[in-house]
Amino acid sequence: MKIAVVVPVFNEQENLRELYRRLRGVFEKLQDITWQVVYVNDGSNDSSIEIMLEQCREDPRFSVIDLSRNFGHQAAISAGLAHASADAVILMDADLQDPPQIIPELVEHWRQGAEVVRAERRTRKEKGLRRLGFETFHRVFTWISDFPIPSQSGIFGLLDIKAVQELNRLPEKNRYLPGLRSWVGFRQEVIYYDREDRAAGEPKQTLRRLIRYALDAIFSFSYKPLRLMTGIGACISIGGFVLACVFVVKRLWGIETAQTGFTTLITMILFLGGVQLVAIGLVGEYMARIYDEVKQRPLYIVSKLYGIEPPNRSGSAPSSCSAPRKNQSGTAASA
Ligand code: UDP
Ligand code: MG
């Protein structure tokens with residue numbers, strides 16, 4: 001049995017050595033398992049790549065997919081999923097917020113037949129605006145998603161190769177992996193853990209990125225915003241129609257209609273204008289995502305592979321951890 005651990009990395013020089021030590025420690029206890037770590041270097045500009053290559057030279061079970069620039073967390077994971085060749089893949093962040101000591105539990109559930117094992121946060125340590133953002137998103141998302149997606153789990157977890165292959169077949173560009181993982185189905189199980197704060201360094205997912213990620217999640221898994229706008233539009237139209245009827249009848253019966261003032265008029269115009277702009281904005285959000293799909297750009301571009309082969313060449317000898325390889329672009333669909 002072979003397990004690949006996919007770790008997206010963006011400027012994690014402070015955490016990589018500790019991660020290396022802890023991953024090796026955990027797998028030492030799982031004697032009957034062959035394992036591989038696939039780092040995906042997502043355009044780091046600190047010394048992360050040097051540290052990863054150092055580890056790759058020291059232990060050939062560590063390999064690196066070096067992307068040509070920073071493509072974002074979800075694209076980096078997709079690159080890792082497309083290249084990992086194993087019976088199961090574990091996805092985890094590099095900042096030790098996803099504790100490696102949970103791995104044996106994930107593997108145990110998989111051995112007992114689970115095909116997707118999600119690690120769900122019982123508690124989390126983030127504070128302030130970030131925590132408020134996470135909590136609001138999870139509440140809104142649970143309500144809004146058209147498809148039941150557990151809101152307390154991120155990417156951390158294990159995927160059987162069957163689930164990985166199905167995820168690799170999904171061609172969509174705006175990816176929300178926790179949602180897609182629920183969507184692919186199979187036998188899913190959950191384990192619980194307490195989420196620590198990141199071990200060192202600042203969060204690499206900026207607030208702006210997290211908002212974009214949350215919007216991707218909502219617009220990929222829900223038509224409710226559109227339906228909500230249709231509902232609001234319908235209510236306003238019915239209200240307007242009833243008012244118009246009242247005014248016409250009053251006029252016909254010769255009842256003096258009260259003169260509506262400037263304030264009422266301007267309030268109504270501004271309110272309706274606002275609602276219309278929000279509605280157009282919402283349609284635009286969906287349209288921009290359709291445009292992303294139509295453009296068919298790859299999710300990421302691989303600059304070099306170290307200690308790992310391209311997805312369609314599995315079985316051949318892995319490339320060296322020091323020799324650069326020639327460019328190769330990839331999409332989740334091509335894997
Ligand atoms: N990451 C990445 N590309 C990015 C941003 C982050 O590969 O553009 C990696 C990062 O190195 C870490 C993981 O994704 O391993 C999660 O990032 P972070 O801890 O900043 O996110 P959070 O825990 O706040 O969701
Ligand atoms: Mg983190």
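Remember, it's 1-based here, ligands and their atoms both numbered in the order they're listed. As a basis for the values below, the full set of heavy atoms in this structure was taken, side chains included, without hydrogen atoms, waters or symmetry mates. The structure displayed is predicted, hence computed values, not measured ones.
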*asked:* Would L159 and L81 count as a side chain to side chain contact (heavy atoms under 4.5 Å, CB included) here? Give the steps.
replied: CA-CA 10 Å; L159 300 160; L81 283 177; 4.1 Å; yes
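Among pairs with a residue in residues 53-113, those fulfilling disulfide (SG to SG under 2.5 Å) read C56-C321, at least two apart in sequence or across chains.
The nearest pair of heavy atoms linking H73 to P8 is CD2-CG, 3.6 Å.
Between W35 and F62, the ring planes lie perpendicular to each other; the angle is over 60°, past the 30° to 60° tilted range.
Around the Mg ion (ligand 2), the protein contributes the following N, O or S atoms under 2.8 Å, ordered by chain and number: D95 OD2, Q97 OE1.
Annotation for V190: hydrophobic cluster partners, listed by chain and number, are Y192 (ILVMFWY side-chain heavy atoms under 4.5 Å, direct or chained).
Using modelled atom types and a 3.5 Å distance limit, the side chains of Y193 and E120 yield no donor-acceptor pair.
Between the E285 side chain and the F219 main chain, no donor and acceptor come within less than 3.5 Å of each other. Within the 3.5 Å criterion, the main-chain N or O of F10 finds no donor-acceptor partner in the side chain of D42.
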In a simple table, one pair per line, please give the protein and ligand 1 atom names for every N or O pair closer than 3.5 Å, along with the distance.
| from | atom 1 | to | atom 2 | distance (Å) |
| --- | --- | --- | --- | --- |
| ligand 1 | 3 (N) | D42 | OD2 | 2.6 |
| ligand 1 | 8 (O) | D42 | OD2 | 3.3 |
| ligand 1 | 8 (O) | N70 | ND2 | 3.0 |
| ligand 1 | 8 (O) | R209 | NH1 | 2.4 |
| ligand 1 | 11 (O) | F10 | N | 2.9 |
| ligand 1 | 11 (O) | E12 | OE2 | 2.6 |
| ligand 1 | 15 (O) | P8 | O | 2.8 |
| ligand 1 | 15 (O) | A94 | N | 2.8 |
| ligand 1 | 19 (O) | D95 | OD2 | 2.6 |
| ligand 1 | 19 (O) | R198 | NH2 | 2.8 |
| ligand 1 | 20 (O) | R198 | NH2 | 3.4 |
| ligand 1 | 20 (O) | K204 | N | 2.4 |
| ligand 1 | 20 (O) | Q205 | N | 2.8 |
| ligand 1 | 23 (O) | Q97 | OE1 | 2.7 |
| ligand 1 | 24 (O) | R130 | NH2 | 2.7 |

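Under the 6.0 Å distance and 45° angle rule, R251 does not count as a cation-pi partner of F247.
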